[in-house]
Every structure is written in C-alpha cells, then in structure tokens.
Number of protein chains: 2
Amino acid sequence: MAKTPTPREQARQRTIAEILRIGREQLAKEGAAALSLRAVARELGVVSSAVYRYVASRDELLTLLVVEAYTELGDRVDAAVDAAPGTPFERFAALARAVREWALAEPARYGLLFGAPVPGYHAPAEQTTAPGTRVVARLAGILEQAWAVQGGGSADDDGAGPGGRLPAQLAADLETIRREYGLTIPVQLLARGITVWSGLFGAVNFEVFGQYGRGTFTDPAAYFELVIRQLAAQVGIPEGPG
Amino acid sequence: MAKTPTPREQARQRTIAEILRIGREQLAKEGAAALSLRAVARELGVVSSAVYRYVASRDELLTLLVVEAYTELGDRVDAAVDAAPGTPFERFAALARAVREWALAEPARYGLLFGAPVPGYHAPAEQTTAPGTRVVARLAGILEQAWAVQGGGSADDDGAGPGGRLPAQLAADLETIRREYGLTIPVQLLARGITVWSGLFGAVNFEVFGQYGRGTFTDPAAYFELVIRQLAAQVGIPEGPG
DNA sequence: GGTAAATCGTGAGCGGTGCTCTCGAATATG
DNA sequence: CATATTCGAGAGCACCGCTCACGATTTACC
C-alpha cells in the first residue's frame, strides 16, 4: 500500500523535518523557553498559523524535540560504549564521557531533558520515558557485565562500601526494578548503581549549568576523569582491567 | 542620618516586599517561566507599568527571588546542621536531608537555583554566587571536622577509595580552592568532597524533577538515607560515631 | 475526465507578555 | 509656600500562543 507515499505526504514529512530542524536551532541558540512557533514560522517563510497544520501546539513541538534529544543522547552513548574496550571500567568511562560531551555540546537540549521543567510544559510520559531510559539501561548492562566478570562474588558482599541491610520496603522496590530490567546483580549493588547514575548526571549538571563557579577548573575534563574513577569505584569497578 | 526612614521610603520597602511575596507565590505555583510582572501587578492591584517603579525588569525580580531562595536554603541547612548531633556523619546527614526537604517543599524555587537556566535569563554572578556557596561551604566545614576528628590520617591515604596521583594542573586547581576556603584537608579528599557535593544535588534533582520515574520508590526518603550513607562513605565518614 | 473531498497557506483577531513613555496627582524638600 | 521628586494611570509597541473563516490547490473517487 504505502509503497510510494503520495507527494503531498512526502512534502508534509519534509516540512515537519524542517520544523524540527529550525526548532532544534532555536532551542540550541536561545534555550527552551525562547522556543517560539512564530519564530519557526518566520524562519520557514510562512505565516504563523500555517505551522499549526503540522504541529498541534508549542508543547507538542517541545515533546518532539525532547524525544529527539533523548534518542540522540542514547545513540551517542551506545556508540561510545560499543566502541570502547571491553573492560567494565572502560565501558563505564565511555558512557560517562559520552553523556558529558553531548551535554557540553548541546547544553540547551541537555537542559531540556535534565534541567528544571519548562514552565507550563509537562512532558507526556508515554512518549518520553522509553527513550529516556536508554542511558540508565545501558549503565545497568555494564554493571551486569562487571558483576559477571568478577564471578558473581558472594551474595553478601557486593564489592565495596557500607553493606548494611536494606529496609524491607526499599528492598522490595529494588527487587521490582531488578525484575523489570531482568538483572542478576544483588539489590545492594543495584542501589549503588542508581546512586552512581544520579551522581553522574549531578556532576554533568554542575559543569553544564555552571554550578562549580567559572574558572574553578582549568581543565574540567581532567576533573571529570576523577569523577569517573570515583563513581566506578562505588559500584566495584576498578580502574585496572577487571 | 537614616534613623527614621521617610514614610515614603517605608512604603516603598513595603511595596517591594509585597512584590517579592507575590513573586514567590507565582514562582511556587506556576514555575519560573510563568512568573509575570503583569500578574504581579494585577495581584498587587496596580497597573502593570507601576511595578517598574520598584523593579527594573523581570530579570531583576528573578534575581531577587534567586538570592532569597539561596538564602532560605542556606538558613535551613545551617539550622539543621547546628541542631544535629556532633558526629560528622550526623552533621552530613542533616545537611543532606535539609537540602532534600527544602527542595521537595519548594520544587519551583529549587529548580530556579539548580535546574536548567531560565530562557533568556542569566543570573548575575555578583549577587548570586555569595549566597549560592553557603551549602558547599558548610559541607567543607563538615569534612574539615571529620578530618580533624580522625586525627588527620596520613597524607597519602585520605580514607577511602582509589588513591592515585592527580594530574598536576588539577592538583593546582584544587590547591587554589583549598586556599580560598582555608581548608586543611588534603586535595584528594577535597576532590572527593566536590563529587559528593554534586552527587548530593544529583540525587535531589532526580527525585524533585521526577527522573527516577514515578512510583519507583514507595518511600523515597528511605532510599535517600541510603544515598546519604553512600556519599558519606565516599569521603570517609563512617556511619557509626566517628 | 470530471466532480467531490481533503489539505494547506493566508490573514484577521483574541488575549496574553515585557517594556517604554507621557501625563497629572500626590508627596517630600527647600 | 513654592519647587522638585516620586508615583500610578493609561496608551502604545512588538512579541507570544492559538483559533477561525476563507480561497487555492491537490488528492481521491466515480
């Protein structure tokens, strides 16, 4: 049926792609709140109301851009991890570096994903959660690999740090996550992994959003390498070949 | 001279305070981007242009609210740490809990400080950096105390984790920070402290901005307690009395 | 091939925003 | 008391998101 899409449909897809491209530019140049359908229309050489033939609202355009950004970040992370040497540490480091580099290259789009919510806009969970979990899913995979490489270890000792028993409810929640993702690592390690996950984005946030204070680090990348080692150590991934 | 400020000046200060109060409400209710001078004027029962007699622009109002928010967060943290038992772990935990609780109670204002920058708005560093460093300064103090309590330790071993020598430039940067804050802890521990700092706000960000996914943790506070222990361990602050 | 239906761009229009300017009234200062 | 300063009102400019009625074009159907 839809072998050769009708010319009109082709034109429509081209126009939508063009709107996304302009929207991406506006987003990168001015930031999320400055994204304006009227400006997109101007750039497109069309009257403002015409854009509504292709995009229902500003929020929908924002959602499309959010999904696109999540996808791009996920692709970058996947590519970086795939290209990295096989040791858990190198794979984790590749993931972390990919996140940081994309964030620094696309601060506005990164802010759209991990910054404060845009006023009045709420990302619809149905469309954004799936692409939004790609990074953490990949991180979980690396933890799985590291855990397997180390031969599983004892069930009580998950590698490092304060053991301690978990509150029952918390353990149950972690168990649910474990099942959903099909993981075999113990819940204590999973908990550490989640903290590493938020810690990674915390460090990237601080750098991208300028929380460290300007001029604090002459070579932020060097400091980030240190962060990588600290985070990796938290989940029992030593720097040497593991 | 300004013993009894002129009645007009009193009225002016009252009006400014009222504008801030309304702005705070708008911010809390609608979020940073929804903050509108016209809405403030309406609430104030005055025509929109009149507000400009007191506040130069929307950005200035935003800056005032940023400073106010930083101050309030700093006060909460100070109060919580002061009221906590004297062990480094308890003081650190009190700091972390205070940050989280304020963030959850005031998500919009928290987002204004630690989320993505509001579009088109850049906080002037002169006014915001000083109140913005209170939390990290307090954290540094706790690390100092913990370091002192432990008797200093050896200069090479800072307590935990991957030692490793630091790159020269990075060590120099950290040394500068150490001097500026008048710290005695070794730079390796300082580096770990910075990571803990960003890790703390990363975890709070994830919870406040809903990055974990809704319903993931039935008791987020319990998970946060785990995060506290993990972060504390990173800077060599054991849970037991130190 | 001709006709009916779906699509699309235009332009006007509504209510909202930040911000500027002028003007008259109220207030403080000499 | 006269002068100078402060302040609120109102009009206005340019922008925003979004809706609607209207022709022109293109598609689909018979």
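Every chain is numbered from 1 and lettered A, B, ... according to where its sequence line falls, protein lines coming before strand lines.
A donor and an acceptor atom, one from each side chain of A:Gln230 and A:Gln234, are nowhere located under 3.5 Å apart.
Rounded to whole Å, atom P of D:dC20 lies 12 Å from atom OH of A:Tyr52. If you take CG of A:Leu44 and C1' of C:dT10, they are 14 Å apart, rounded to a whole angstrom. Separating the CD atom of A:Glu60 from the P atom of D:dG17 is a distance of 14 Å, rounded to the nearest angstrom. D:dC16 atom P lies 10 Å from atom CG of A:Leu37, rounded to whole Å. In this structure, B:Glu18 atom CD and D:dG8 atom P are separated by 13 Å, rounded to whole Å. The separation between A:Arg42 atom CZ and D:dC15 atom P is 7 Å, rounded to whole Å. Here the C1' atom of nucleotide C:dG16 and the CG atom of B:Leu35 are 15 Å apart, to the nearest Å.
Applying side-chain contact (heavy atoms from CB on, under 4.5 Å) to B:Leu190 and the options B:Leu143, B:Ile177, B:Val235 leaves one that passes, B:Ile177.
Aromatic rings of B:Phe114 and A:Phe209 (six-membered ring for Trp) have centroids beyond the 6.0 Å cut-off, not under it.
The nucleotide whose nearest atom lies closest to any side-chain atom of B:Arg58 is, among D:dA9, D:dG17, C:dG18, C:dG18.
Distance alone, capped at 3.5 Å, is enough to place a donor-acceptor pair between the B:Glu144 side chain and the B:Ile185 backbone.
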Any N/O pairs under 3.5 Å between the protein and nucleotides 3-7 of chain D? List them or say none.
unit_1	atom_1	unit_2	atom_2	d
D:dT6	O4'	B:Arg8	NH1	3.2
D:dT6	O2	B:Arg8	NH2	3.4
D:dC7	OP1	B:Arg12	NH1	3.4
D:dC7	OP2	B:Arg12	NH1	2.8

Short N/O separations, protein against nucleotides 11-15 of chain C, under 3.5 angstrom:
unit_1	atom_1	unit_2	atom_2	d
C:dG11	O6	A:Ser49	OG	2.5

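The aromatic rings of B:Phe206 and A:Trp197 stand perpendicular to each other, their planes meeting at an angle above 60°, with 30° marking the opposite boundary. Under the 30°/60° scheme for interplanar angles, the aromatic rings of B:Tyr223 and B:Phe217 are found to lie parallel.
In summary, A:Arg21 and A:Glu25 engage in a salt bridge, as defined by a charged side-chain N under 4.0 Å from a carboxylate O. No salt bridge links B:Arg179 with B:Glu175; every basic N to acidic carboxylate O contact stays at or beyond 4.0 Å.
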Side-chain donor-acceptor distances from residues 66-84 of chain B under 3.5 Å, at least two apart:
unit_1	atom_1	unit_2	atom_2	d
B:Glu68	OE1	B:Arg24	NE	2.9
B:Glu68	OE2	B:Arg24	NH2	3.2
B:Tyr70	OH	A:Gln211	NE2	3.4
B:Thr71	OG1	B:Val67	O	2.8
B:Glu72	OE1	B:Arg109	NH1	3.4
B:Glu72	OE1	B:Arg109	NH2	3.2
B:Glu72	OE2	B:Trp102	NE1	3.0
B:Glu72	OE2	B:Arg109	NH1	3.4
B:Asp75	OD1	B:Arg134	NH1	3.2
B:Asp75	OD1	B:Arg134	NH2	2.8
B:Asp78	OD1	B:Arg138	NH1	3.0
B:Asp78	OD2	B:Arg134	NH2	2.9
B:Asp82	OD1	B:Arg138	NH1	3.3
B:Asp82	OD1	B:Arg138	NH2	2.8

